[in-house]
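Handing you this structure, nothing more for now.
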Amino acid sequence: MNIFTAYRDHVLDQVAALVAAGTLPEGLDTSRVAVEPPRDPSHGDMATNAAMVLAKPAGLKPRDLAERLVERLSGVAGVTAVEVAGPGFINMRLDPAVWLECLRDALRAGERYGDSGIGGGRKVNVEFVSANPTGPMHVGHARGAVVGDALAALLDKAGFAVTREYYVNDAGAQVDALARATHARYRQALGRLSEDDIAAMLARKEIEYGGDYLVPLGETLATEFGDRFADAPEAEWLAPIRDRAIAAMLAMIKDDLAALGVAFDTFTSERDLVGAGRVDETLAFLEARGLIYTGVLEPPKGKAPEDWEPRPQTLFKATEFGDDVDRPVRKSDGSWTYFAGDMAYHRDKVDRGFEDMINVFGADHGGYVKRLQAVVKAVSDGRASLDVKLCQLVKLLDRGEPVKMSKRAGTFVTLRDVVDRVGKDVVRFIMLTRKNDATLDFDFAKVTEQSRDNPVWYVQYAHARACSVFGHAEELWPGRDLSPAALAEAPLDRLDAPEERDVIRLLAGWPRLVEGAAEAHEPHRVAYYLAEVAAAFHGLWTKGKDDAQLRFLMPDDEALSLARLALVQGVATVIASGLQIFGVQPVRELR
RNA sequence: GCGCCCGUAGCUCAAUCGGAUAGAGCAUCCGCCUUCUAAGCGGAUGGUUGCAGGUUCGAGUCCUGCCGGGCGCGCCA
């Protein structure tokens, strides 16, 4: 339960009472009323802006309205003090028991602590990765994979019905190019081509993909087909080789994703959509609404192609929905553009019942956002909406020096390389330590170092320390039930040190943080919050070194120790709950 | 030329639908280990939030115009 939402309800109850009493007019918009922790803890436990946002429409001065609210709020259960501050803030102090109850909630809920119902079971489609099935995943894909997966987990925790989806671009020129490169490797496996021949073909741009990851596939195909396609015309081998190459690449990608701990609910094939006539259907749907027409586009400014020729083409009226220009749906050879496939794809999502969609893309797709949002509006008659999270570049570093990427065709730093080197948990956490639209430095030396400025380690250290306290407690009181459920019954009111109260309030903020991060589609907030929890816990730990009375385990006072263990367990629980969103395993000890 | 993103302390970054005195870490300086992991903790120093206007009770956040950086701009995906 979000304790701040509970008190917001209390505030709104009192606002309603003022309306009933005639102090406030009917029909006030209370959506901007917020109850939140004050930035400065000395102001109290909770603050509300209610008086300031309601004063104007009510024709009152903020402070006057605040005074009226304060009178009423002082009677609310759990509120021990209320006062007006600054321009009209209302600061509330709560009975410590309110916060202690939050800790009890956390202990009883375990990793489910922070689960929320704000999603109301609403279906959300999170599309991410969607890398072309033409080769292994590289580090650039890793960020999108982790951001998408964590965002999905976050939304799931917030009560949305989430589908993780991968769009497979298995139609179009890219996969034909893949088939040609695969055919060359197949001929190589049959001894018809040498490595030098392949290099020469690459240089002449006869083939596009030179990576040696196609070598084993070539060998497999040589076994399957013998020399049947070795000298056959392309028309004969293109389709069968393409099919096998796509399947093989997709299997490789799924493997790479599994190494990162990412799995999808749905893979949607572009080829299947086209084959099922979904593009034609979608075009007909839009045509019926007057959104498809034949027209001539202006040449793009600043980058006029040499061979630009104005010509009439089939266009989608994207400008009707806020895009800059209308977008072509057919290439000059009459085939669909990639965009046409995407129109059908997003219509398909709408047909499957999704009105909330999120796409996680690389920053190089920035120019694509508006037209996709236009399409989503158009194919859903305005019901559905699309949020696009653009992930900026990951800069790979080692001790501050850029990691050199080989220019040789087909070689790059793969996702697998990075996971093998630092482990999936480190990759996942670090990828979530920046908001998606900021570039991210990934320094191999830094992310594996054990120090304060490595957030993964710092958070894990806090969890391990918490576990360590329990190890000692079991030695002190063998056989004692130290389960979270048992600790929830401990005399928590013994937790009266200000430092302890601060940590409890922080933990009580976890449900609120989950909801805020989910609504904003910002999983990185969890990383900062966890670092804050870890810092608070490390601080508490050190307090126990300075002042023996503040140690978690007091051998002479079992009841107090149990109460403090409850707090320690609360910290561990919240960290575990947060790491679960990230798909990171909390560690019980560090070596 | 146009569109999108970014610009916060020396460095890397936070800042809760617009909230109160803009916060952390690193670096620099000063403290804290017979005691639950000092791989840690506490304190100090450090700011015209790129610039100039505007909106309002209140702006890092919203609007306009500049400056600087990144990405993108028909028949690629």
Side-chain angles (χ1 to χ4, degrees), chain A residues 4 31-32 34 36-40 43 47 49 52-53 55-56 61-63 85-89 91 130-132 134 169 171-175 270 297-303 305 307-311 313 315 323-325 327-328 330-335 337-339 341-342 362-370 388 390 392-393 433-435 437-439 441 446 449-455 457-458 461-462 464-466 468-473 476 509 512-513 515-517 519-520 524-525 528-529 531-532 535 538-546 548 551-553 568 589-590:
Chain A
F4 294 91
S31 63
R32 291 179 58 224
E36 45 192 23
R39 215 182 273 265
D40 183 344
H43 288 145
N49 61 356
M52 290 183 290
V53 300
K56 190 174 231 179
K61 290 183 179 170
R63 285 197 64 106
F89 282 102
N91 292 327
S130 297
N132 290 340
T134 53
N169 298 128
Q174 296 295 322
V175 287
E270 180 185 7
L297 286 179
E298 296 287 309
K301 297 275 185 342
K303 190 210 158 195
D307 57 347
W308 176 269
E309 286 174 27
R311 64 179 181 82
Q313 33 186 2
L315 299 172
D323 200 0
D324 308 312
V325 292
R327 304 293 178 176
R330 278 187 199 279
K331 301 180 194 174
S332 50
D333 66 2
S335 64
T337 58
Y338 174 81
F339 177 61
D342 243 352
D364 55 345
H365 285 59
Y368 212 66
V369 174
K370 279 187 181 177
V388 178
L390 294 177
Q392 280 292 343
L393 221 61
T433 52
R434 290 286 176 269
K435 48 174 171 279
D437 44 16
T439 58
D441 288 351
K446 210 164 201 174
E449 129 191 323
Q450 302 193 329
S451 78
R452 177 70 173 92
D453 61 335
N454 176 5
W457 177 84
Y458 189 69
Y461 184 30
R465 268 186 155 174
S468 153
V469 176
F470 276 88
H472 288 278
L476 269 174
R512 178 175 188 271
L513 187 114
E515 292 178 357
E519 281 178 334
H524 76 276
R525 291 190 194 183
Y528 283 95
Y529 172 78
E532 202 180 335
H538 288 309
L540 204 53
W541 180 291
T542 306
K543 278 286 192 315
K545 289 198 165 297
D546 299 339
R551 294 166 65 81
F552 299 124
L553 302 178
V568 174
E589 62 180 353
L590 298 166

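No experiment lies behind these values; they were computed from the predicted model shown. Residue numbers begin at 1 in each chain, while the letters A, B, ... track the order of the sequences.
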message: For A:Lys446, is the NZ atom crowded, meaning more than 12 foreign heavy atoms sit under 6.0 Å from it?
response: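 Open.
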message: Given the structure, check if the side chain of A:Asp364 and the base of B:A77 hold any donor-acceptor pair shorter than 3.5 Å.
response: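 Absent.
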Watson-Crick or G-U wobble mate for B:G46, both contacts under 3.5 Å: none
query: For B:C73, which nucleotide is its Watson-Crick or G-U wobble mate, given both distances must be under 3.5 Å?
result: B:G1
task: Tell me what A:Pro62 touches on the nucleic acid: a base, only sugar-phosphate, or nothing, going by heavy atoms under 4.0 Å.
output: nothing
- request: Indicate, with a heavy-atom threshold strictly under 4.0 Å, whether A:Asn49 touches base, sugar-phosphate, or nothing.
  value: base
- request: Start with the C-alpha distance between A:Arg465 and A:Trp541, add both sets of side-chain angles, then the distance that settles side-chain contact (heavy atoms from CB on, under 4.5 Å), and finish with yes or no.
  value: CA-CA 9 Å; A:Arg465 268 186 155 174; A:Trp541 180 291; 3.5 Å; yes
field: Side-chain N,O (A:Trp541) to OP1/OP2 (B:A38) below 4.0 Å
entry: yes
task: Rounded to whole angstrom, note down the C1' distance from B:U48 over to B:G53.
output: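 Nearest-Å result for B:U48 against B:G53 at atom C1': 15 Å.
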- prompt: Which part of the nucleic acid, if any, lies within reach of A:Asp342 when heavy atoms closer than 4.0 Å are counted: base, sugar-phosphate only, or nothing?
  reply: nothing
message: What's A:Tyr368 touching, base or sugar-phosphate or nothing? Going by heavy atoms closer than 4.0 Å.
response: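 Base contact.
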- prompt: Should A:Lys545 be listed as having a side-chain N or O under 4.0 Å from OP1 or OP2 of B:A38?
  reply: yes
Opposite nucleotide pairing with B:C32, Watson-Crick or G-U, both atom distances under 3.5 Å: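 Paired with B:C32, as far as the under-3.5 Å criterion goes, is B:G40.
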query: Which one, B:C76, B:C13, B:G25, comes nearest to the side chain of A:Asp453?
result: B:G25
task: Would you please confirm or rule out a distance under 4.0 Å between OP1 or OP2 of B:A15 and any side-chain N or O of A:His524?
output: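 For B:A15, OP1 or OP2 has a side-chain N or O of A:His524 closer than 4.0 Å.
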- request: In whole angstrom, give me the gap between the C1' atoms of B:C66 and B:G7.
  value: 14 Å
- request: State which of B:C75, B:C5, B:C36 makes the closest approach to the side chain of A:Leu553.
  value: B:C36
field: Separation of B:C71 C1' from A:Leu390 CG (nearest whole Å)
entry: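 Result: 9 Å.
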- prompt: Does the side-chain ring of A:Phe89 lie flat on the base of B:G19, meaning centres under 5.5 Å and planes less than 30 degrees apart?
  reply: no
query: At under 4.0 Å between heavy atoms, what does A:Ala85 touch on the DNA or RNA strands: base, sugar-phosphate, or nothing?
result: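 Result for A:Ala85 = base.
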statement: Closest to the side chain of A:Lys435, out of B:A15, B:C41, B:U37, is B:A15
- request: Both distances under 3.5 Å, Watson-Crick or G-U wobble: report the partner of B:U64, or none.
  value: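 B:U64 is paired with B:A52.
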- prompt: Quantified in whole Å, what is the C1' atom distance between nucleotide B:A9 and nucleotide B:U55?
  reply: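 B:A9 and B:U55 have their C1' atoms separated by 29 Å.
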- prompt: Heavy atoms under 4.0 Å, any strand shown: does A:Ala363 hit a base, just sugar-phosphate, or nothing?
  reply: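 Sugar-phosphate, backbone atoms only, no base.
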field: Pairwise 5' ranking along RNA chain B for A:Arg330 and A:Gly367, keeping only the more 5' one
entry: A:Gly367
Among B:A20, B:C76, B:C4, the nucleotide that comes nearest once only the side chain of A:Lys331 is considered: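 Nucleotide nearest to A:Lys331's side chain: B:C76.
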query: Using atom C1' of each nucleotide, how far apart are B:U45 and B:U28 to the nearest Å?
result: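 B:U45 and B:U28 have their C1' atoms separated by 8 Å.
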Paired nucleotide for B:A24 [Watson-Crick or G-U wobble; both distances under 3.5 Å]: B:U12
- prompt: Checking all strands, does A:Ser31 fall into the base, sugar-phosphate, or nothing category for heavy-atom contacts under 4.0 angstrom?
  reply: base
field: B:G46 and B:C29, which share atom name C1', separated by this distance in whole Å
entry: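 Between the two C1' atoms, the distance is 12 Å.
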- prompt: What nucleic acid atoms does A:Lys61 come within less than 4.0 Å of, heavy atoms only: base, sugar-phosphate, or nothing?
  reply: nothing
message: Just the rounded figure in Å: distance from P of B:C2 to NZ of A:Lys370.
response: 13 Å
- request: Give a yes or no on whether the ring-centroid distance for A:Tyr461 and A:His538 is below 6.0 angstrom.
  value: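 Between A:Tyr461 and A:His538, the centre distance is under 6.0 Å.
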query: What distance, rounded to whole Å, do you find between the two C1' atoms, one in B:A14 and one in B:U61?
result: 13 Å
message: Pick the closest RNA chain B nucleotide for A:Gln174 and for A:Leu540 by heavy atoms, then say which residue is nearer the 5' end.
response: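 Its nucleotide being nearer the 5' end, the pick is A:Leu540.
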- request: Mind checking A:Tyr338 for me? I need base, sugar-phosphate or nothing, with any heavy atom below 4.0 Å counting as a touch.
  value: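 Here A:Tyr338 touches the bases of the nucleic acid.
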- request: Report yes or no: is the cationic atom of A:Arg512 (NZ for Lys, CZ for Arg) under 6.0 Å from the centre of the six-membered ring of A:Phe4, at an angle within 45° of the ring normal?
  value: yes
task: Determine which nucleotide pairs with B:G19, using a 3.5 Å limit on both distances of a Watson-Crick or G-U wobble pair.
output: B:C57
task: When you get a sec, tell me which of B:U37, B:C57, B:C17 is the closest nucleotide to the side chain of A:Ala34?
output: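 Selected nucleotide: B:C17.
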- prompt: Phosphate oxygens OP1/OP2 of B:A14: is one of them under 4.0 Å from a side-chain N or O of A:Arg434?
  reply: no
message: Under 4.0 Å, heavy atoms only, any strand: does A:Gly516 hit a base, just the sugar-phosphate, or nothing?
response: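 No contact at all - A:Gly516 keeps every heavy atom at 4.0 Å or more from the nucleic acid.
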Euclidean distance, A:Asn169 CG relative to A:Gln174 CD, rounded to 0.5 Å: 8.5 Å
- prompt: Closest to the A:Gln392 side chain: B:A77, B:G70, B:A38?
  reply: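 My answer, after comparing the listed nucleotides, is B:G70.
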task: Would you mind classifying the nucleic acid contact of A:Val53 as base, sugar-phosphate or nothing, using non-hydrogen atoms under 4.0 angstrom?
output: base
- request: Could you tell me whether the phosphate oxygens of B:C26, OP1 or OP2, come under 4.0 Å of any side-chain nitrogen or oxygen in A:Tyr458?
  value: no
- request: Examine B:A38: is either OP1 or OP2 under 4.0 Å from a nitrogen or oxygen in the side chain of A:Arg465? Give yes or no.
  value: yes
- prompt: Counting side-chain heavy atoms from C-beta on, which of B:U16, B:C41, B:U35 comes nearest to A:Glu36?
  reply: B:U16
query: Given the C1' atoms of B:G25 and B:G42, what is the spacing between them in whole Å?
result: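 Taking atom C1' in both B:G25 and B:G42, they lie 15 Å apart.
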query: A:His43 on top of B:A20's base, within under 5.5 Å and under 30°?
result: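 Stacked: ring centres under 5.5 Å, planes under 30°.
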query: Which value, rounded to the nearest 0.5 Å, describes the distance between A:Arg452 atom CZ and A:Tyr458 atom OH?
result: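 Rounded to the nearest 0.5 Å, the CZ-OH separation comes out at 3.5 Å.
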message: Between B:U56 and B:U12, how far apart are the two C1' atoms, rounded to whole Å?
response: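 My reading of the C1' atoms in B:U56 and B:U12 gives 34 Å.
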- request: State which of B:U16, B:C26, B:A38 makes the closest approach to the side chain of A:Arg39.
  value: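 The closest nucleotide is B:U16.
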query: A:His365 has a side chain; which of B:U37, B:G40, B:A77 sits nearest to it?
result: B:A77
Distance below 4.0 Å between A:Lys543 side-chain N/O and B:C41 OP1 or OP2: no
message: Between A:Asn132 and A:Thr134, is there a side-chain donor-acceptor contact under 3.5 Å, judged purely by atom types and distance?
response: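 The criterion, which ignores hydrogens and geometry beyond distance, is not satisfied for A:Asn132 and A:Thr134.
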- request: Figure out the CE/P separation between A:Met52 and B:C17, and round it to whole Å.
  value: 13 Å
- line: With the side chain defined as heavy atoms from C-beta on, A:Ala47 is closest, among B:C75, B:A20, B:C26, to B:A20
